[in-house]
Amino acid sequence: MATPTPGLEATALWVGTAGMTLGTLYFLWRGRGVSDRKAQEFYIITIFITAIAAVSYFAMATGYGLIEVNVAGLGTLDIYWARYADWLFTTPLLLLDLALLVNAKRNTIYTLIGLDVLMISTGLAGALATEGQLFRIFWWAISTGAFVVLLYYLLRTLTREAATRDPETAKLFGQLRNLVIVLWSLYPVVWLLGTESGLAIIGLGVETAAFAVLDLTAKVGFGLVLLRSRAILGTDEGREMDEATEEADLT
Ligand code: RET
């Protein structure tokens, strides 16, 4: 079985495992007394985001999440498949957090998640492709195409829907959206400069560390900004409705 190379690569994976675990525990602890239903929704989604990542990082750090792929013309590449398993679930959940924050229309949510799944699955296809470097980079281009359309939806459709919300929510949405745009844009760059593309301008150790920093910021950092904000509490109207339903449930 392939194992992570000791040094930067292995260290980054264990730091990722620890960071995601601590993030999960912190959000669980913070969320224990939250009674507002809208806020609970964000806690549930965000806790799963870091919990899935903690498991994925553990799989990578122990070598289970790593396979060797024989690529024509490039030789054997170490591929962390567990990354894509993580991203396949957690990136749609991150988008769901953003979309629920602004009460996005269902069709907007479906479009964002559809594009996201297309982006991650074609990225995985590129990471596993054995036919040669050109094939792998071609998959990267398809994935990046889906990403560009996703960014368009975030910047146009979702932002327009956010503008109808109260100023506090709109402000929080703006901050989180910008965080997502900046951080997420670095993933295709690291992939292309790293070992997956065969260019290997940066080595696997630096690449693994870069992904760990990005993942921790995009998940734990994102969660901290979201869950510590007052804007995630339901509107008074929403709270009154919740309380009315709870009372009705009791009677
Ligand atoms: C891949 C493959 C190459 C092309 C593109 C990619 C985009 C990946 C992204 C990942 C985001 C991950 C996050 C994880 C959180 O922890 C798959 C690298 C466009 C945007 C936010």
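Worth saying up front: this structure is predicted, and the values here are computed from it rather than measured. For this chain, numbers begin at 1 and follow the sequence in order. Reckoned from all heavy atoms, side chains included, excluding hydrogens, waters and symmetry mates. Both ligands and their constituent atoms are indexed starting at 1 by order of listing.
Between Trp87 and ligand 1, a contact under 3.5 Å exists for no N or O pair. Residue contacts with ligand 1: Thr144 is placed with no nitrogen or oxygen under 3.5 Å of a nitrogen or oxygen of the ligand (distance criterion only).
Close contacts of ligand 1 with Trp140, meaning ligand atoms under 4.0 Å from a residue heavy atom, involve 3 (C), 4 (C). Proximity to Pro188 (heavy-atom distance under 4.0 Å) selects the following atoms of ligand 1: 4 (C), 5 (C), 19 (C). Taking every non-hydrogen atom of Thr91 and a distance limit under 4.0 Å, the qualifying atoms of ligand 1 come out as 11 (C), 12 (C), 13 (C), 21 (C). In the vicinity of Phe147, heavy-atom distances shorter than 4.0 Å reach the ligand 1 atoms 19 (C).
Nearest protein neighbour of atom 18 (C) of ligand 1, counting heavy atoms only, is Trp191 CD1, 3.6 Å. For atom 21 (C) of ligand 1, the closest heavy atom belonging to the protein is Trp184 NE1, 3.2 Å. Atom 16 (O) of ligand 1 has its closest protein heavy atom at Lys219 NZ, 2.3 Å. Protein heavy atom closest to atom 20 (C) of ligand 1, with residue, atom name and distance, is Met119 CE, 3.5 Å. The nearest heavy-atom contact from the protein to atom 9 (C) of ligand 1 is Tyr187 CB, 3.5 Å.
Between Phe211 and Trp87, the ring planes are perpendicular. Angles over 60° get that label, and only those under 30° would be called parallel.
Side-chain contact, Asp36 with Tyr43: no donor N or O sits under 3.5 Å from an acceptor N or O. Side-chain polar atoms of Arg83 and Ser56 form no donor-acceptor pair below 3.5 angstrom. With no hydrogens or angles considered, a side-chain donor-acceptor pair links Thr195 and Glu207 at under 3.5 Å.
Contact check for Lys171 versus Leu176: no side-chain heavy atoms found under the 4.5 Å cut-off.
Taking only non-hydrogen atoms, the option from Ala53, Ser143, Ser56, Ser197 nearest to atom 1 (C) of ligand 1 is Ser143.
The one candidate from Tyr80, Trp81, Phe58 that meets the ring pair (Phe, Tyr, Trp, His ring centres under 6.0 Å) condition with Tyr64 is Trp81.
Between Lys219 and Asp86 a salt bridge is recorded (basic side-chain N to carboxylate O distance below 4.0 Å). Between Arg230 and Glu168 there is a salt bridge, with a side-chain nitrogen of the basic residue lying less than 4.0 Å from a carboxylate oxygen of the acidic one.
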